[in-house]
Number of protein chains: 2
Amino acid sequence: MLKEQIKSLPHECDDCPIRHRAVCARCDADDLERLEEIKYYRSFQAGQTVIWSGDKMDFVGSVVSGIATLTQTMEDGRTQMVGLLLPSDFVGRPGREGSAYDVVATTDLMMCCFRKKPFEEMMETTPHVAQRLLEMTLDELDAAREWMLVLGRKTAREKIASLLSIIGRRDASLNLRGTKGPLVFDLPLTREAMADYLGLTLETVSRQMSALKRDGVITLEGKRNVTIPDFGRLMDEAGDDSDGGMFA
Amino acid sequence: MLKEQIKSLPHECDDCPIRHRAVCARCDADDLERLEEIKYYRSFQAGQTVIWSGDKMDFVGSVVSGIATLTQTMEDGRTQMVGLLLPSDFVGRPGREGSAYDVVATTDLMMCCFRKKPFEEMMETTPHVAQRLLEMTLDELDAAREWMLVLGRKTAREKIASLLSIIGRRDASLNLRGTKGPLVFDLPLTREAMADYLGLTLETVSRQMSALKRDGVITLEGKRNVTIPDFGRLMDEAGDDSDGGMFA
DNA sequence: CTAAAACTTTGACACAGATCAAACGCGCTA
DNA sequence: TAGCGCGTTTGATCTGTGTCAAAGTTTTAG
């Protein structure tokens with residue numbers, strides 16, 4: 001039943017260490033067999049912590065379904081979200097003992113994990129895994145750098161628009177839709193989580209959401225269900241003409 | 001003479017694609033020979049642009065000496081620095097045509113370059129190159145994420161302290177010194193560049209530098225030469241107890 | 001040595017977003 | 001149905017940083 005649940009999700013390959021991604025085509029039978037031995041699935045409930053910052057991590061893996069966040073916290077409690085993990089995103093760092101971040105499930109979450117030690121050994125002998133991981137890491141780096149621009153230079157309104165456009169785009173691509181025509185999706189984040197992502201307070205997030213709604217840039221059904229009637233308009237609000245690589 | 005100049009710098013290996021780093025030990029004679037064929041050096045004067053955002057890049061490489069910055073710019077001119085390239089840092093992205101950022105030399109700069117196409121081919125057949133590049137990219141990703149916390153949640157004073165501690169630490173490690181005892185170094189950045197890095201205005205940077213000086217956290221000789229009498233104190237000001245991986 | 005340019009400091013004031021506070025709405029459970 | 005809890009909205013006020021302006025300092029050019 002678990003297996004069925006996983007199979008029904010949109011991804012390219014069940015057995016590749018890097019799910020949903022193009023490396024699969026390069027896996028040969030031996031690779032797959034070795035992977036099968038070290039692979040297992042873990043599920044988490046919304047709100048559960050997957051890994052605490054500083055804890056030893058004995059696996060790497062990727063998100064199969066659901067959403068998790070990556071956050072950093074200062075001693076005095078200020079927190080900054082540094083990544084949003086959506087299906088197909090990779091978690092963990094080969095070659096490092098502990099996690100540098102808290103990883104928290106914000107919805108019910110399914111992960112495909114590989115025991116770390118054997119995965120690392122496999123990386124040594126299977127070049128395309130390291131190559132694919134490099135590609136993905138470079139994507140993440142680009143995304144992080146784009147987010148630095150958002151955090152450093154954008155206004156509150158632009159920040160909100162940037163976040164919505166990223167989630168909207170990513171949601172569209174997961175569901176194999178384009179960004180033409182109205183986009184409807186459920187926000188997977190509370191106002192507080194949005195604030196932590198954007199370096200704002202939750203009150204400011206709430207005010208700006210109201211403002212975007214008042215100005216017709218978005219429509220809200222309840223608190224979470226967002227409609228974006230015109231994606232281009234939203235991009236303008238985000239002050240963003242680039243293609244926006246975050247979570248690409 | 002150029003060769004002499006390069007040899008005199010502190011690094012581990014002249015011929016490794018990833019200078020100053022541990023991969024060198026794993027290069028064999030064949031690797032080195034192939035690298036030699038595709039390697040060349042380029043130098044830039046302070047202020048020169050190495051690559052424009054969007055331009056095609058036909059090389060990858062690493063900084064041998066000097067300092068460069070990686071910046072993103074919005075249409076209306078707002079800019080955010082997203083990386084500081086110090087000696088040993090890698091530039092360019094295998095597998096991607098153009099650069100996403102402006103790369104600008106802030107001091108006179110020497111780079112060790114490899115023609116991109118053959119370098120990529122070499123990566124396919126030489127696993128440890130991709131592995132080492134992955135390690136370095138993961139370090140950069142951690143650094144970028146740490147910087148997200150600085151940009152999103154720290155006050156102006158904390159931001160300045162964070163930047164000084166990063167430059168101070170990095171400078172110390174390049175010169176094989178520790179961070180015990182007073183640290184003296186020249187700031188390689190103008191107030192404006194610091195502002196672009198920290199998501200502040202240059203006036204705020206100037207004010208906070210004056211404040212840190214007034215409070216005895218730092219001493220300034222002229223505008224650029226900084227002394228940090230007590231590194232621990234500076235770390236406290238940065239609100240930062242971690243080891244601070246930026247540029248690690 | 002002087003003038004011009006570039007960078008930096010300092011001041012006065014404005015404003016975006018933070019903080020503090022209260023009330024609202026919705027989904028629970030009893 | 002009432003009552004509670006949690007997330008959200010909205011209001012009033014405060015404050016850190018931005019903006020605009022001017023003067024000081026260092027470097028470069030002539």
Handout entry: Cation-pi check, R42(B) onto F59(B) ring (under 6.0 Å, within 45° of axis)
Key = yes
Handout entry: Residue-phosphate contact under 4.0 Å: T190(B) side-chain N/O, dC7(C) OP1/OP2
Key = no
Problem - Atom-pair distance (CD1 on I160(B); P on dT9(C)), nearest Å - result: 10 Å
Completion exercise
Of the listed dG17(C), dT8(C), dT17(D), the closest approach to the R191(B) side chain comes from dT8(C)
Fill in the blank from the handout: E192(B) CD to dT9(C) C1', in whole Å, measures 15 Å
Handout entry: Pair K223(B) + D186(B), salt bridge at N-O below 4.0 Å
Key = no
Problem - Whole-Å gap separating P (dC7(C)) and CG (L187(B)) - result: 15 Å
Problem - Smallest separation among heavy atoms of P188(A) and R224(A), with atom names - result: C-NH1, 4.3 Å
Problem - Length of the CD-P vector between Q45(B) and dT28(D), whole Å - result: 13 Å
Handout entry: Contact under 4.0 Å: T201(B) side-chain N or O vs dG18(D) OP1/OP2
Key = yes
Exercise for the section: Could you state the atom-to-atom distance from CG of L198(A) to C1' of dA16(C) in whole Å? Expected result: 15 Å
Handout entry: Lys/Arg-Asp/Glu bridge criterion (N-O < 4.0 Å) met for R78(B), D196(B)
Key = no
Completion exercise
Of the candidates dT8(C), dT10(C), dG17(C), the side chain of E203(B) sits closest to dT10(C)
Handout entry: Separation of dT26(D) C1' from D186(B) CG (nearest whole Å)
Key = 14 Å
Problem - Note: D76(B)-R153(A) ion pair, threshold 4.0 Å (strictly below) - result: no
Exercise for the section: Rounding to 10 degrees, work out the angle separating the end axes of the helix from dC1(C)-dG30(D) to dA30(C)-dT1(D) (five pairs an end). Expected result: 40°
Practice task
Name the residue closer to the 5' end of DNA chain D, choosing between L220(A) and R153(A) according to the nucleotide with the nearest heavy atom.
Solution key: L220(A)
Problem - Salt-bridge criterion met for E203(B) and R207(B) (N-O under 4.0 Å) - result: no
Problem - Interface with DNA chain C, restricted to residues 206-214 of chain A and to heavy atoms under 4.0 Å - result: R207(A)
Problem - Atom CD of E192(A) with >12 non-hydrogen neighbours under 6.0 angstrom - result: no
Exercise for the section: Inspect the contact between E140(B) and R145(A) and indicate whether a charged nitrogen and a carboxylate oxygen are less than 4.0 angstrom apart. Expected result: yes
Problem - Short side-chain N/O contact from R224(A) to OP1 or OP2 of dG7(D), under 4.0 Å - result: no
Problem - Rounded interatomic separation in angstrom, taking CG from L202(A) and C1' from dG17(C) - result: 13 Å
Exercise for the section: Would you mind reporting whether D142(B) and R93(A) have side-chain heavy atoms less than 4.5 Å apart? Expected result: yes
Protein-nucleotides 22-25 of chain D N/O pairs closer than 3.5 Å?
none

